[in-house]
Amino acid sequence: MVDRRRFLKTAGWAAAAGWIPSRLLAHDMHAMQAAPAGRVGNDLCMHAMGDVTRMPGLVDPAKLAPFVDTLPVPPVLVPAAGKPLRLRMAESTQRLHRDLPPTRLWTYGGAYPGPTIDARKGQATEVIWENALPVKHFLPVDHAICGAEADKPEVRAIVHLHGAQVPRADDGYPEDWYVPGKSRRHRYPNTQDAATLWYHDHAMGINRLNMYAGLTGLYLLRDEHELGLGLPAGDQELPLVLADRLLREDGSLYYPDSGDANAPWVPEVFGNLTLVNGAILPRADVQPRRYRLRVLNASNGRFYHLRFRDGRPFQAIGSDQGLLAAPVSMRSIFLAPGERADLVVDFAASRGGAIELMNDALPLMRFAVGQGAVRDDSRVPDVLRDVPRFTERDVSRSRELTLDEYSDCVATPMLMLLGGKRWHDPVTETVKLGTTEAWNLVNLTEDTHPIHLHLVRFQILDRRPYDVDEYMSSKTLRFTGPAQPPPAHERGWKDVVQAYPGMVTRIVATFDGYKGRYAWHCHLAEHEANEMMRPFEVV
Ligand code: C2O
Ligand code: CU
Ligand code: CU
């Protein structure tokens, strides 16, 4: 039996938006055919997916001239000691492509993506985040979603610094939101290792909309060790913030809804266009030398299978939580929402050439390489840093946590849970400060869920196939194959892990730093909104 929702999602949506199926979709198609009957449930339940019949006049990506806009690079803010940065969230407009009318967005500091905060380990950063947003949302708020009930102010915001080890009060906990007219001061201690962090909205029940509206920016934490390696720097370092959007011909953002005005939430959102640093199909004019690309997947739901059109190899030097132990040569990389990849690519042999960065068969941007010979003093050392690997012996406690998906047409169209529990259920993951735990993510669904934990960095121990049906009927975990260690580029420190369907994904973290209540969740923003988020508490 083919699950109706998934069928419509993959076949209907994809056709309507004119996509070439990504690996995710191909993978979903495969999972769909392999799926045992009735796992997700009611195939009459149709209102959980976006209403393709009401799809308004969307931009035809084929009609936009490619590579005519220069890749925007967000302004860099270097925090000065004792002087907090001030960043305003406000409505702004921005042209996302030369041939499109300006788009209404909600941004930090006046543009999307927000300014890149360039922080240094050992020096705390303070930011006053000012909420100057309108009081009405321009995207469809769903009051049936936990935390966004009709008695709550419609527009609320709270900034989370993703990947940062910070005290609870500074983390951007989903319930710490505040309304337009208010501000909040956050202090980021910057005591962790260098990493590609990012900030985004996390307001309970609406952050998928706030993020989609544009509330995203990068935060590069650097340290002496990394700065001493001689990696490409200055103009040889480029941030690439990838995020897909549905855009109408008038330039406006379209966020799909279920067609039910009382419950507009949709389980996933995929755009017809991908923005790179806020531009559609931009061009970066580069020199024939090495570049360090700080790639962030800031999409609500889309995974990217990144590669260069000519198939050239690149080096992965870092993941979510900073440098790998050693560079890994790759030709493509699969990046889930919330994940970061730190890549080095060499254009030295491509003088005068043009190389496209692709998502499978679709170009995202072009690198136009200059003619002139240039000196390149950068290097990529064979050893980047020490990453001691966790083993089972380091683990003092293991938890089995399921990733679940429900369809219940009477009460809720569709629901995703962690450990079978809702956000407001009592905390079950109570962890002693300083202890090391393994969280075994038992994925009962047909989707890959990018699971993110606040506060900590973790390592992926392994992924192991198991019998889902047996687990669902008798709660026994029977493995059907050997444990697979993570590939080399996933062997560093992470804060988002792709939990594959049909697998138990084991991650290990030491819960140190701070006590208090933090969140863990799926980073598919629509899943997170509909209860695929839970608190955990460090005591
Ligand atoms: Cu990137 Cu809880 O977030
Ligand atoms: Cu986070
Ligand atoms: Cu999910």
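Throughout, numbering of the chain's residues begins at 1 and tracks the sequence. Order of listing sets the numbers, starting from 1, for every ligand and every atom in it.
Side chains of N190 and T125: a donor on one and an acceptor on the other come within 3.5 Å.
Minimum heavy-atom separation, H489 to L324: O-CD2, 3.7 Å.
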- Residues E405, E446; criterion side-chain contact (heavy atoms from CB on, under 4.5 Å); working and verdict: CA-CA 9 Å; E405 205 163 280; E446 296 158 5; 5.9 Å; no
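At a cut-off of 2.8 Å, H452 is not counted among the residues with an N, O or S atom near atom 1 (Cu) of ligand 1. Among the backbone and side-chain atoms of H200, an N/O/S atom is found under 2.8 Å from atom 1 (Cu) of ligand 1. In summary, an N, O or S atom of H162 is located under 2.8 Å from atom 1 (Cu) of ligand 1. For H523, every N, O or S atom stays at 2.8 Å or more from atom 2 (Cu) of ligand 1. The Cu ion (ligand 2) has an N, O or S atom of H160 under 2.8 Å away, backbone or side chain. Within the coordination shell of the Cu ion (ligand 2), defined by N, O or S atoms under 2.8 Å, H452 is present.
To the nearest 10 degrees, the angle centred on atom 2 (Cu) of ligand 1 between NE2 in H521 and NE2 in H202 reads 100°.
Other residues, nucleotides and ligands contribute at most 12 non-hydrogen atoms within 6.0 Å of the CZ atom of R86. Surrounding NZ of K515 are at most 12 heavy atoms belonging to other residues, nucleotides or ligands under 6.0 Å away.
In this structure, R168 satisfies the cation-pi test against Y173, with its NZ or CZ atom closer than 6.0 Å to the six-membered ring centre and inside 45 degrees of the ring normal.
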